[in-house]
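Below is one structure, written out as structure tokens; the observations come after it.
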Amino acid sequence: MSGDHGRGDSQVNSGSKGSDTHKHKDKHKDKEHRHKDHKKDKEREKFKHSNSEHKEHSEKKHRDKDKERLKHSDSSSDKHRQKHKDRDKDKRREEKIQSSHLEKPKREKENGYVRDRSPAGIKSEPEEDNGFYPSPQHNKSSRQEYDDEEYEYKPKKVKLEHDKKAKKRKHEYDEDEEDEGIKHKKKIKDKKGTDGKKVKKEEEEKWKWWEEERYTDGSKWRFLEHKGPVFAPPYEPLPGKVKFYYGGKPMKLSAPAEEVATFFAKMLDHEYTTKDIFRKNFFKDWRKEMTSEEKSVITDLNKCDFSEMSEYFKAQSEARKQMSKEEKQKIKEENERLLQEYGFCIMDNHKERIGNFRIEPPGLFRGRGDHPKMGMLKRRIRPEDIIINCSKDSKHPKPPPGTKWKEVRHDNKVTWLASWTENIQGSIKYIMLNPSSRIKGEKDWQKYETARRLKKCVDRIRAQYREDWKSKEMRIRQRAVALYFIDKLALRAGNEKEEGETADTVGCCSLRVEHIKLYPKLDDQEYVVEFDFLGKDSIRYYNKIPVEKRVFKNLQLFLENKQPEDDLFDRLNTSILNKHLQELMDGLTAKVFRTYNASITLQQQLKELTCSDDSIPAKILSYNRANRAVAILCNHQRAPPKTFEKSMQNLQNKIDEKQNQLSAARKQLKAAKADHKASHDDKSKKAVEMKRKAVQRIEEQLMKLQVQATDREENKQIALGTSKLNYLDPRISVAWCKKFGIPIEKIYNKTQREKFAWAIDMADKDYEF
DNA sequence: AAATTTACTTAGGAACATCTTA
DNA sequence: TAAGATGTTCCTAAGTAAATTT
């Protein structure tokens, strides 16, 4: 069913990246932005020096928004009223459906189940020999349940005796007849590791969190200890000889003003320092850092000359490159030391890697796309801004001498170790664990299990939304059409965002009239919808796609009497949609469709594209192509690498060269054969064999190069990484590798293998998503 | 029930490291 | 052995969605 969509692969090429094409729509908003401006200034001022008072800024936003809202209120507010009126009826209907279709009893998300971990216990993750040592299993190692056949992720109260240590299992709902089998496998694995001597030990020490139970009471950990974040190095004033000029005259800046100036100087080569908004925002924020004298002198950014600073930094980075081996080594060691000290935490009984233990340094904000705040000063974060999260009974991190944390709390319902509020959007930033950590891995696994549950009921859901296209209620039709897009095109949900705070981008629910065009007939196709909008990160989504007649008619209806800047789905938002989805399947949200469609597409493409008697490189090409199909579906684009053309050319040269070699080798072979025919002696026979082999070898090499070229060409503006990392159930890939004898390293690099350790360990060649 | 806040996933590009090649 | 290509990691912005507040 999932392949049914006939996904076009045309969209990527047809759309160029970037926002130039999208200038148009600002018209309306422009006004609003402008009139908001003075407020925004105030807002910024607040953040400026007084870091402690971030809170209020939001009030302001809201006032602004209220105004905006009034403008459009007629439609939108009554749209909501309407919605709610209808809700009950609707709900009842859906409930009925749900109960008749839901194949499984609702899974309890949290069932009061608790891991047994002694709070202060410290068992570390292996890896290096640094102090902590793991005793992965013995403390308890009750194991998490998954049954082999389904690999289900069940937050159950079940323990599975996969090995010697787990003794009991209290069943709830396991139908694991497969259990015996799995027990077996596990045992073997646990004992031996998969290969060799050295690995063996390591493997045994690797903590297999996926074999343990999970918390089911909503808590994320029992014990958490860490050293706190690493702060950005303090500002180092420029040497006196590096001057800043204003109106051609050298001018010594105060340290704060100078620091901000250096941020600008460092970006001088970048295009966005030429952008008006960027310059304006920068200048405004810069002036706030100036002394009053500086402020009175420096009134025009255009008179500022940062070029000496800029040169200085270029020289610095050049010098860094030229550093001697030893110096580089020293830096590396220092980094390693920092990593060892701050890069890990102890969560429950294990030492885990932290994802981002460094605080973001100050600088100029560069949003993606046409961002209204580009160029604003991103404030330096101090200990006083940081909230620390750790367990009460841990050794609390200490703030740098002479400073204090903003707060130390002990909240085990969240996963972060530290947080602070950022001054550009007023949002919270977090320090969290690495993807290889248990806490991230469990979540990831769970995500794929939810997607797999969707697989089981997607037919039903599709049938339902198709039915809903005919509903007499507008909101239901809109919901159904939106869902169709989300399903078929893997669009994102499209939360609403505050205008003027961020770049103007949309997702499904926030599509506007101006983002689609309808063609009753286009070329030889009927009912074509053309999408053209900027999505997340201001990446353009461009796609022409034939849809079903009923969808088309509905779209026409939705467009009636609307302006280009009006919402296409005026009676829908993500929260309504997700509520609906939740009723269709426990845990279902809009983004699950993306995961589901991505993974199912990979699986199906792999099945379709892989030939078992292909060479390994050819198989990998197939894998990449399957991966690529997904990336295209998800619209994961990249700017073509700067050196793309050149590197392509290089490769082509190599191919040509190889081709020459090949014909030469063939000639030699022929000659050898002739020779052999003439002499019939042993030596000449050997020569023929040699030549034959040579030809074969070269042919192989040529093939490999050609495959590589194809792969690269096809990948010009497509990024495979995002889908691989976030959307594709790793077990599919692992199974594929096992099935076709591809070493996993060909597919996943080291980091990826760490992230997907759970999948690599548990999926066998027959895994089915 | 709307608005806001919080937590966490997803994202592309820059920086950096490492391999390859001239 | 330096320069260039390629692969990896880091960085942090920008989403989603749930939780909390109003």
Side-chain angles (χ1 to χ4, degrees), chain A residues 17 54-55 58-59 61-62 65-66 69 76-77 80-81 83-84 87 109 218 220 270 317 320-322 328 331-332 335 355-361 363 365-369 371 373-374 378 387 389 411 413-416 419 421-422 424-430 432-435 439-440 443-444 447 492-498 501-503 505-510 535-539 573-579 581-582 587-592 594-595 634-639 641-644 646-648 650-651 654 708 712 717 719 721-723 725-727 749-752:
Chain A
K17 220 171 163 157
H54 331 299
K55 304 150 202 173
S58 43
E59 307 171 8
K61 284 187 207 158
H62 308 152
K65 280 218 305 204
D66 285 344
R69 214 150 272 137
S76 62
S77 62
H80 286 253
R81 236 174 287 131
K83 277 173 207 168
H84 299 137
R87 151 73 71 44
K109 275 188 190 143
K220 307 292 170 67
H270 217 291
S317 74
R320 225 170 306 126
K321 264 186 247 161
Q322 300 304 321
K328 281 185 182 165
I331 290 175
K332 214 171 152 184
N335 277 333
N356 56 326
F357 58 92
R358 285 170 209 273
I359 299 282
E360 298 171 16
F365 175 80
R366 170 49 173 158
R368 316 225 168 111
H371 197 117
K373 298 195 171 187
M374 64 169 82
K378 203 169 95 162
I387 301 172
N389 193 32
D411 180 357
K413 303 282 192 245
V414 297
T415 66
W416 52 269
S419 72
T421 301
E422 153 268 348
I424 304 288
Q425 321 276 354
S427 64
I428 308 172
K429 302 259 187 161
Y430 301 92
M432 290 184 186
L433 297 193
N434 193 71
I439 213 154
K440 294 289 186 189
K443 202 77 191 296
D444 208 34
K447 173 181 77 187
R492 296 189 183 83
N495 283 334
E496 50 269 64
K497 9 192 306 195
E498 2 194 7
E501 297 292 298
T502 58
T505 62
V506 299
C508 185
C509 293
S510 50
K536 182 178 181 183
D537 293 318
S538 292
I539 298 291
N573 61 37
T574 53
S575 135
I576 294 170
L577 179 65
N578 280 336
K579 257 176 214 139
L581 292 176
Q582 197 58 241
L588 186 60
T589 63
K591 83 189 196 81
V592 177
R594 241 166 112 80
T595 312
C634 294
N635 199 39
H636 291 141
Q637 300 190 33
R638 63 169 183 176
K642 296 211 163 38
T643 54
F644 185 83
K646 209 195 301 169
S647 90
M648 214 56 215
N650 289 160
L651 198 54
K654 273 199 220 166
Q708 204 187 342
R712 191 179 297 176
Q717 41 189 179
T722 304
S723 47
L725 235 48
N726 301 301
Y727 288 101
N749 69 27
K750 181 159 156 281
T751 323
Q752 295 168 156

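Excluded from the calculations below are hydrogen atoms, water molecules and symmetry mates; all remaining heavy atoms, backbone and side chain alike, are included. So you know, we letter chains A, B, ... as the sequences are listed, proteins then strands, and number each from 1.
Following rounding to the nearest Å, A:Asn356 (CG) and C:dT12 (C1') show an atom-to-atom distance of 9 Å. A:Glu501 has its CD atom 12 Å from the P atom of C:dA14, to the nearest Å. The separation between A:Leu433 atom CG and C:dC10 atom P is 15 Å, rounded to whole Å. Rounded to whole angstrom, the span from the CD atom of A:Gln425 across to the P atom of B:dT6 amounts to 15 Å. Separating the CD atom of A:Gln322 from the C1' atom of C:dA2 is a distance of 10 Å, rounded to the nearest angstrom. For A:Arg368 and C:dC11, the CZ to P distance is 14 Å, given to the nearest whole Å. Atom CD in A:Glu498 sits about 13 Å away from atom P in C:dA14, given to the nearest Å. Regarding A:Phe644, its CZ atom lies at a distance of 13 Å from the C1' atom of C:dA5, rounded to whole Å.
Side-chain N/O atoms of A:Lys220 include none lying less than 4.0 angstrom from OP1 or OP2 on B:dA7. An OP1 or OP2 oxygen of B:dA7 is reached within less than 4.0 angstrom by no side-chain nitrogen or oxygen of A:Lys413. A sub-4.0 Å separation between OP1 or OP2 of C:dC11 and a side-chain N or O of A:Lys429 is absent. Between A:Ser647 and C:dT6 there is a side-chain N or O to OP1 or OP2 distance below 4.0 Å. The shortest distance between the side-chain N/O atoms of A:Lys443 and the OP1/OP2 oxygens of B:dA7 is not below 4.0 Å. OP1 or OP2 of C:dG15 sits under 4.0 Å from a side-chain N or O of A:Lys497. In this structure, A:His636 does not reach the B:dT10 phosphate: none of its side-chain N or O atoms is under 4.0 Å from OP1 or OP2. Dashed line: the shortest gap from a side-chain N or O of A:Thr722 to OP1 or OP2 of B:dG12 is under 4.0 Å. Between A:Arg594 and B:dT9, a side-chain N or O to OP1/OP2 separation shorter than 4.0 Å is absent. Contact check, A:Thr505 against C:dG15: a side-chain N or O comes under 4.0 Å of OP1 or OP2. Distances shorter than 4.0 Å separate some side-chain N or O of A:Lys646 from OP1 or OP2 on C:dA5.
If A:Ile428 and A:Asn726 are placed on DNA chain B by their nearest nucleotide, the residue sitting closer to the 5' end is A:Ile428. In this structure, A:Phe365 and A:Asn749 both approach DNA chain C, and ranking their closest nucleotides by distance from the 5' end singles out A:Asn749. Nucleotides of DNA chain B nearest to A:Lys642 and A:Tyr430 differ in position, and the one nearer the 5' end is that of A:Tyr430. Comparing A:Arg358 and A:His371 by the nucleotide of DNA chain C whose heavy atom lies nearest to each, the residue mapping closer to the 5' end is A:Arg358.
For the 3.5 Å distance criterion, the side chains of A:Ser510 and A:Glu496 fail to qualify, holding no donor opposite an acceptor. A donor-acceptor pair shorter than 3.5 Å cannot be found between the side chains of A:Thr505 and A:Arg368.
Using a 4.0 Å heavy-atom cutoff across all strands shown, A:Lys328 reaches no nucleic acid atom at all. Heavy atoms of A:Thr502 sit nowhere under 4.0 angstrom from any nucleic acid atom. Within 4.0 Å of A:Lys378, counting heavy atoms only, lie sugar-phosphate atoms of the nucleic acid but no base atom. Nucleic acid contact for A:Lys750: none, since no nucleic acid atom lies under 4.0 Å from a heavy atom of the residue. As judged by a 4.0 angstrom heavy-atom cut-off over every strand, A:Pro361 is placed among residues touching the sugar-phosphate backbone only. At a threshold of 4.0 angstrom between heavy atoms, the contacts of A:Arg320 with the nucleic acid are absent.
Separation of atoms CG (A:Leu651) and CZ (A:Arg712) is listed at 5.0 Å; rounding is to 0.5 Å. A:Leu588 CG to A:Asn578 CG: the interatomic distance, rounded to the nearest 0.5 Å, is 8.0 Å. Between the NZ atom of A:Lys429 and the CD atom of A:Glu360 there is a distance of 3.5 Å, given to the nearest 0.5 Å. Going from atom CG of A:Leu577 over to atom OG1 of A:Thr589 covers 9.0 Å, rounded to the nearest 0.5 Å.
Candidate nucleotides C:dA13, C:dA14, B:dT9 were compared by shortest atom distance to the side chain of A:Lys440, and B:dT9 ranks first.
Around NZ of A:Lys413, the count of heavy atoms belonging to other residues, nucleotides or ligands within 6.0 Å exceeds 12.
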Checklist entry - Nucleotide by nucleotide, 5' to 3', does protein get under 4.0 Å of the base (B), only the sugar-phosphate (S), or neither (-) in nucleotides 16-22 of chain C, counting heavy atoms? => result BBS----
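With A:Asn389 contributing its side chain and A:Thr415 its backbone, the two residues share no donor-acceptor pair below 3.5 Å.
Relative ring orientation between A:His371 and A:Phe365 is described as perpendicular, the plane-to-plane angle rising above 60° on a 0-90° scale split at 30° and 60°.
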